[in-house]
Amino acid sequence: MAENKENAPVQQDMNELLKVRRDKLAAFREMGVAPFGHRFEVSHHNAAILEQYANLEGEDESAEEVTIAGRLMAIRGHGKASFSVIMDRTGRIQIYFKLDVLGEEKYKQFKLLDIGDIIGVKGHVFRTRRGELTVRVDDFDLLSKSLRPLPEKFHGLTDTEIRYRQRYVDLIMNPEVMNTFVARTNIIKSIRNYLDSRDFLEVETPVLGTIAGGAAARPFITHHNTLDLDMYLRIATELNLKRLVVGGMERVYEIGRVFRNEGMDVRHNPEFTSIEIYQAYADYNDLMDVTEGIVRDAAMAVCGSLQVDYQGTTIDYSSFKRISMNDAVKEATGKDFLSCETVEEARAMADEIGVPYEKRFGIGGILNAAFEEKVEETLIQPTFITGHPTEISPLAKRNPEDPRITDRFECFVYGRELANGFTELNDPIDQEGRFMDQLKAREDGDDEAHMMDRDFITALEYGLPPTGGLGIGVDRLVMFLTDSASIRDVLLFPTMKPLAE
RNA sequence: GGUUCACUAGCUCAGUUGGCAGAGCACCUGACUUUUAAUCAGGGUGUCCCGGGUUCAAAUCCCGGGUGAGCCA
């Protein structure tokens, strides 16, 4: 592309640091050096050189000429010879520029380099007197001139706002951030691997739809212009995946972004990644096994151990406790809510132990409130809570012995919900009734209650085989396995308010 | 939504009672051919988040707003 000065943006308020770098850019151009280069063939990553030449000693140097590329992270000038550090995705290696080797012209070019510039280097590997494996630069190419100064080398970048808004700077400066996101990718790979090897089919279902179903949450609303139609961003993948099981896919899963129009805090981002898994002819017990398997494989894949520290507490993923919600509440408070015959009894029980509830809650809702108030945050080690009230589980199949509860589980770690699963409700008549109850709850002011999905009922009427389903919060799993305190630390670009103009 | 805290140079941070805006790194000039937070000599580069107010005088005090972090709902 030709230079086009008319297209050059007008630079206002340019401070000296920026000006100096643009002057150097111009100096390169005057010398006939393109400051933004092209293809560069790399023979080694930095880590590979450090490994391959680990035994290089004394005056020896590599027979081969290596070529590497990366960003300059330090420059230590010494007049007619200089040390520098170049970083690629595998790490850093020292490089050595020497006037005798490079010649006047090239060394003058070196002097115009800044920390942050991206260069390609050709050279031989040797060890310095101080013992550091180093590439002596025989020649180098400027691949991209950096026009902005990087944060300080010692303290780096700590400002959370800049870290989240300009993640690229965070990634350059903080190697542990890179590690976290590599771990995230490996966790997702591990999940895929677990499911693919068990004959599950990965699918993709729509993000846009006219009914936001499958979870209790407020959706985002958007608009389709041609259809002149308001649409929702999905809040779960559940209902479409079950439609696919009706269609005969038997074992399906989807790893995908879902969107919930709710508050933001250390554990919640408006968009996040869920995985939902459905297995025909299985029940919730099978899916608890799947949950354990997925979490264990992921822990082994990225931590190499089933004992993983999270925020100072060791979480042991080798055994998952299983206990019913009612038993867990009974253990914690001595109250047996399922022994209640009437709502009044349950309310009295809740009052005794100081558990707040809303007027519309039935016995099940009150039991759940007691669980959330008294038990949830105490579940530090991996625990499956089972037997959730039917009242709060509109998509789960009733327990055959006690229709007030469902064959459902939630997995808790460090007091937080990590996974949720159940034997799917496949009785269309029961399902329709549950949706009606949800509509009533919505009328009573619960704006997170499920929407009616007529076509989903129709699908069930064609016949959903007995099916176990499971959803896991991928971001939370990544948080646990990377010891990240905030969900924003495991999202490359967390949702941020725009800066005021 | 409520509440507390933060916002000062490119970055990390000081800034006294309200009295000329500071340091380290980075950067610029010079020296230096095996350094590594290189070193030595010299140089301060700023919308003190924004807008009002009080005051002879505001980074500092008051009011409003913005963004972020934490706690609560």
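Chain letters run A, B, ... following the sequence lines, proteins first, then strands; residues in each count from 1.
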Encode nucleotides 30-37 of chain B as B, S and - characters from 5' to 3', where the letter depends on protein heavy atoms closer than 4.0 Å: B to the base, S only to sugar-phosphate, - to neither.
--BBBBBB
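Distance, A:K19 NZ to B:G10 P: 12 Å, rounded to whole Å. Rounded to whole Å, the distance from CG on A:D265 to C1' on B:G1 is 14 Å. Computed from coordinates, the A:I162 CD1 to B:G68 P distance equals 13 Å when rounded to whole Å. Taking atom CG of A:L499 as the reference point, atom P of B:C7 lies 17 Å away to the nearest angstrom. In this structure, CG of A:D23 is placed 10 Å from P of B:U29, rounded to the nearest angstrom. The interatomic distance linking A:E16 (CD) with B:G46 (P) rounds to 8 Å, in whole Å. Rounded to whole Å, the distance from CZ on A:R163 to C1' on B:U12 is 14 Å. Distance, A:I487 CD1 to B:G68 P: 16 Å, rounded to whole Å.
Counting heavy atoms of neighbouring residues, nucleotides and ligands inside a 6.0 Å radius, atom NZ of A:K374 exceeds 12 of them. Under a cut-off of 6.0 angstrom, the local environment of CE in A:M264 is crowded, with over 12 non-hydrogen atoms contributed by other residues, nucleotides or ligands. More than 12 heavy atoms of other shown residues, nucleotides or ligands fall within 6.0 angstrom of atom CD in A:E345. For A:K111, the NZ atom counts as densely surrounded, since its 6.0 Å shell holds more than 12 non-hydrogen atoms of other residues, nucleotides or ligands.
The same atom, P, is picked in B:U16 and in B:U35; the two are 43 Å apart, to the nearest Å. Comparing B:A73 with B:G65, their C1' atoms are spaced 24 Å from each other, to the whole Å. Comparing the same atom, C1', in B:U36 and in B:U17 gives a spacing of 46 Å after rounding to whole Å. Comparing the C1' positions of B:C13 and B:U55 gives an interatomic distance of 30 Å, to the nearest angstrom. Taking the C1' atoms as reference points, B:A38 lies 14 Å from B:C25, given to the whole Å. Nucleotides B:C20 and B:G44 place their C1' atoms 15 Å apart, quoted to the nearest Å. For B:U54 and B:C61, the C1' atoms lie 8 Å apart once the distance is rounded to whole Å. For the C1' atoms, the distance linking B:G53 with B:G18 amounts to 15 Å, nearest Å.
Under 4.0 angstrom from either OP1 or OP2 of B:G68 there lies at least one side-chain N or O belonging to A:R165. Between A:R488 and B:G70 there is a side-chain N or O to OP1 or OP2 distance below 4.0 Å. For A:T158 and B:U12, the shortest distance from a side-chain N or O to OP1 or OP2 is below 4.0 Å.
Listed by first then second residue, pairs satisfying salt bridge (charged side-chain N to carboxylate O under 4.0 Å, His left out) with a partner in residues 69-79 of chain A number zero, not counting sequence neighbours.
Mapping A:L17 and A:I115 onto RNA chain B via the closest heavy atom, the residue that lands nearer the 5' end is A:L17.
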Going by atom type alone, with no hydrogens or angles, which donor-acceptor pairs under 3.5 Å involve a side-chain atom of residues 360-373 of chain A and a protein atom two or more places apart or on another chain?
unit_1	atom_1	unit_2	atom_2	d
A:R360	NH1	A:E358	OE1	3.0
A:N368	ND2	A:E372	OE2	3.3

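Look at B:U3: its Watson-Crick or wobble partner, with both distances under 3.5 angstrom, is B:G70. In this structure B:C56 sits in a base pair with B:G19, meeting the Watson-Crick or G-U test at under 3.5 Å. Base pairing of B:U35: no nucleotide in any strand meets the Watson-Crick or G-U wobble criterion (both distances under 3.5 Å). Both distances falling under 3.5 Å, in either a Watson-Crick or a G-U wobble arrangement, place B:G51 opposite B:C63. When both pairing distances are held under 3.5 Å, B:C25 makes a Watson-Crick or G-U pair with B:G10.
In this structure, the side chain of A:T273 does not engage the main chain of A:R257 through any donor-acceptor pair within 3.5 Å. Side-chain atoms of A:R163 do not come within 3.5 Å of backbone N or O of A:L157 as any donor-acceptor pair.
Side chain of A:K497, nearest nucleotide from B:C27, B:C11, B:U67: B:U67.
Taking every heavy atom of residues 135-142 of chain A and every atom of RNA chain B, no pair lies under 4.0 Å.
Applying the side-chain contact (heavy atoms from CB on, under 4.5 Å) criterion to A:T180, with sequence neighbours excluded, gives A:T482, A:S484, A:V490. Here A:H223 pairs with A:N225, A:D228, A:D230 under the side-chain contact (heavy atoms from CB on, under 4.5 Å) rule; sequence neighbours left out.
A:M173 comes within 4.0 angstrom of no nucleic acid atom, judged by non-hydrogen atoms across all strands.
Taking the six-membered ring for Trp and the full ring otherwise, A:F259 and A:F272 have centroids separated by 6.0 Å or more.
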